[in-house]
Protein chains: 2
Amino acid sequence: MVKKQIIMEKSLELFAENGFEATSIQQITERCGISKGAFYLHFKSKDELIDSLIDDFMTKFVAKIERSVSEGQPKEELLYNYLNVSFSEFGQQANFAKVFLKEQIHAFNEELLNKMQGYITILNKILLSIVQRQFDQLHPSMYLDIVFATSGLMKSHAELFLIEHYKVDLHVLCSSIVEKVGIIAEHAKIQAIAPEYLSSVNIKTSYSKEQLMELLESIQQETEINSIIWESLQMLNENLQEPKLSGALIQGLLKNIKVESRCVWVAYLYQSYLENEK
Amino acid sequence: MVKKQIIMEKSLELFAENGFEATSIQQITERCGISKGAFYLHFKSKDELIDSLIDDFMTKFVAKIERSVSEGQPKEELLYNYLNVSFSEFGQQANFAKVFLKEQIHAFNEELLNKMQGYITILNKILLSIVQRQFDQLHPSMYLDIVFATSGLMKSHAELFLIEHYKVDLHVLCSSIVEKVGIIAEHAKIQAIAPEYLSSVNIKTSYSKEQLMELLESIQQETEINSIIWESLQMLNENLQEPKLSGALIQGLLKNIKVESRCVWVAYLYQSYLENEK
DNA sequence: TATACTAATGACTAATCGGTCAGTTGTCAA
DNA sequence: TTGACAACTGACCGATTAGTCATTAGTATA
């Protein structure tokens with residue numbers, strides 16, 4: 001399936017250059033040096049292409065972030081790692097970042113929008129967990145303010161080198177943001193964002209039991225899944241139908257499947273489903 | 001010209017809903033309850049419509065900002081005023097903000113892109129002048145870091161109520177950002193953005209002598225311009241052809257024309273032209 | 001060499017796009 | 001009532017779009 005990869009790369013180039021709506025299948029096939037028919041051998045429609053692009057990048061991205069801020073890491077370095085992975089990934093996949101992270105998302109249909117919003121919510125949740133761990137002396141009412149301050153600082157700097165092509169030393173950039181966030185966390189008193197905000201976002205992006213089961217099964221059907229992950233998925237699926245596993249067992253199974261980057265996303269959905277249930 | 005106003009309002013609605021590329025003239029005329037031909041009586045093309053929308057909003061916006069942070073204001077309130085005007089204007093013109101400030105600018109042609117970039121540069125310059133005045137004990141090497149930190153904080157909060165429709169008390173929001181920026185200005189040491197960045201942006205957005213003269217003349221031809229502004233424009237124009245006025249005189253003339261909101265933008269261009277010349 | 005099968009092609013369709021223009025309507029003054 | 005004129009209409013145009021499908025090219029097996 002080399003050709004599929006080529007289509008994805010070249011189309012991402014074109015989307016970054018001209019935007020999603022303004023890029024035609026014709027243009028994509030021309031740049032790939034293939035015929036129009038060949039495109040439709042790999043993708044059912046233009047929407048399926050963009051769907052694949054989002055999943056392909058975001059599952060890997062979330063998995064890398066997740067790994068860099070996992071439990072083993074020293075807590076002082078969590079935010080730095082998050083920023084470092086984010087920016088270096090943006091740099092390597094500048095085209096994706098240009099198209100999707102700049103949220104020129106108007107052009108998408110509702111389904112894609114929800115999908116993208118889901119990933120962004122996950123990233124915000126990871127960021128929230130970082131803030132909670134790294135700034136543990138902070139009053140919880142300020143958590144969300146710090147989360148949004150961080151993503152704001154990230155955004156303005158990301159634009160500088162995505163659009164203006166302004167080059168900065170990666171280490172200096174991350175250190176400077178860590179410093180600024182740290183300073184805000186230490187001194188800021190005025191709270192702008194109420195914690196209720198988070199729950200309203202959670203509800204909006206949650207999946208139903210049936211959607212979740214379908215998702216678990218679709219991953220099981222992939223060929224390269226190993227047996228431990230397969231069994232874990234199976235048990236998680238059964239537990240949805242008939243809840244009988246304890247919280248600790250579920251957490252263990254979720255850790256099992258998070259090894260596979262394709263599953264990190266599902267693990268989050270599963271977790272937020274359980275949170276919404278109880 | 002009531003109908004022209006209706007077209008601009010309704011098209012902005014549609015652009016905010018579906019994006020610029022995805023909105024057809026057909027859709028616009030349908031929502032306005034007019035025929036396709038009637039649209040083309042008021043606008044030469046779709047591009048001219050978007051051009052008008054940008055100019056209409058941005059000249060007023062820049063003028064309002066400019067006024068709220070002008071020399072008379074107490075320096076402790078400058079940033080607060082800037083934020084207050086920005087957010088309340090975003091709130092009132094949420095559709096415009098959705099379409100243009102979210103920088104889904106890919107869809108535009110080069111000309112529109114430059115125009116938009118020009119306005120954004122002006123806003124950044126105003127913000128820079130605010131930072132210089134309000135945080136006057138700050139080391140100049142940190143100016144740009146503070147400017148970008150501010151616009152980053154603005155962005156993440158603007159998204160909250162533009163996309164997520166999360167309502168915040170305007171005063172609390174502005175105070176919280178002022179507080180955070182103030183804290184960063186006081187304590188931050190690591191500089192991420194070098195001052196050279198600003199000059200590179202300046203050059204990119206500057207106008208040629210001829211373009212500037214053309215612009216001055218086009219404003220003179222508008223009917224509602226009063227005589228003082230007309231004469232000031234005339235002398236500024238002549239001074240471009242043959243520089244003979246002193247710096248102080250030019251600054252005075254520029255202050256004259258800034259009374260008219262349509263001219264604030266031109267005054268900035270004139271100023272940055274002179275800066276690039278010497 | 002003949003057969004079978006997949007990969008790939010590009011002319012084709014129906015729909016939609018921005019934009020045009022010959023013709024209709026409404027509103028005045030004469 | 002008439003004629004002049006501006007405001008307005010919508011059928012129409014060429015270009016372009018996403019998506020289809022009968023046909024062909026390429027390759028491996030018998």
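Numbers restart at 1 for each chain; the letters A, B, ... are given by sequence-line order, proteins then strands. Keep in mind it's a predicted model, so treat the numbers as computed, not measured.
No hydrogens or angles considered: a donor-acceptor pair under 3.5 Å links the side chains of B:Tyr119 and B:Asp55. Inspection of the B:Gln93 and B:Glu89 side chains reveals no N or O donor paired with an N or O acceptor under 3.5 Å.
Across every non-hydrogen atom of A:Gln27 and A:Ala22, the tightest pair is OE1-O, 3.4 Å. Between A:Leu212 and A:Leu269 the shortest heavy-atom distance is CD1-CB, 3.7 Å. Of all heavy-atom pairs spanning A:Leu14 and A:Thr23, the tightest one is O-OG1, 3.4 Å.
Between A:Tyr40 atom OH and D:dA22 atom P there is a gap of 17 Å when expressed in whole angstrom units. Across the protein-nucleic acid pair, B:Asn18 atom CG and C:dC17 atom P stand 11 Å apart, rounded to whole Å. Counting to the nearest Å, the C1' atom of C:dT16 and the CD atom of B:Glu21 are 14 Å from each other. One interatomic measurement links the two molecules: CD of B:Gln26 to P of D:dT9, which rounds to 13 Å at whole-angstrom precision. Atoms CG (A:Leu49) and C1' (D:dG19) sit 14 Å apart, rounded to a whole Å. Rounded to whole Å, atom C1' of D:dC12 lies 17 Å from atom CD1 of B:Ile25. Look at CG on B:Asp47: it is 13 Å from C1' on C:dG19, rounded to the nearest Å. Between B:Glu30 atom CD and C:dC17 atom C1' there is a gap of 13 Å when expressed in whole angstrom units.
Across all strands, B:Thr29 comes closer than 4.0 Å to no nucleic acid atom at all (heavy-atom distances).
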Report all interatomic pairs (protein N or O, nucleotide N or O of nucleotides 5-10 of chain C) with separations under 3.5 Å.
unit_1, atom_1, unit_2, atom_2, d
C:dA8, OP1, A:Lys3, NZ, 2.7
C:dT9, OP2, A:Ser35, N, 2.8
C:dT9, OP2, A:Ser35, OG, 2.9
C:dT9, O5', A:Ser35, OG, 3.3
C:dG10, O6, A:Gly37, N, 3.3

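Using cut-offs of 30° and 60° on the angle between ring planes, the pair B:Phe90 and B:Phe61 is parallel.
When atom types are taken as modelled, the side chain of A:Lys4 and the backbone of A:Phe43 share no donor-acceptor pair closer than 3.5 angstrom. Side chain of B:Ser156 to main chain of A:Phe148: a donor-acceptor pair is present (N/O by atom type, distance under 3.5 Å, no hydrogens or angles).
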Would you please test A:Met154 and A:Tyr82 for side chain to side chain contact (heavy atoms under 4.5 Å, CB included) and show each step?
-> CA-CA 11 Å; A:Met154 286 180 73; A:Tyr82 179 87; 3.8 Å; yes

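With C:dG18, C:dG19, D:dA18 as the choices, the nucleotide that has an atom nearest any side-chain atom of A:Lys46 turns out to be D:dA18.
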For DNA chain D, what dot-bracket results from Watson-Crick or G-U pairs at under 3.5 Å, with [ ] for crossers and | for inter-strand partners?
-> ||||||||||||||||||||||||||||||

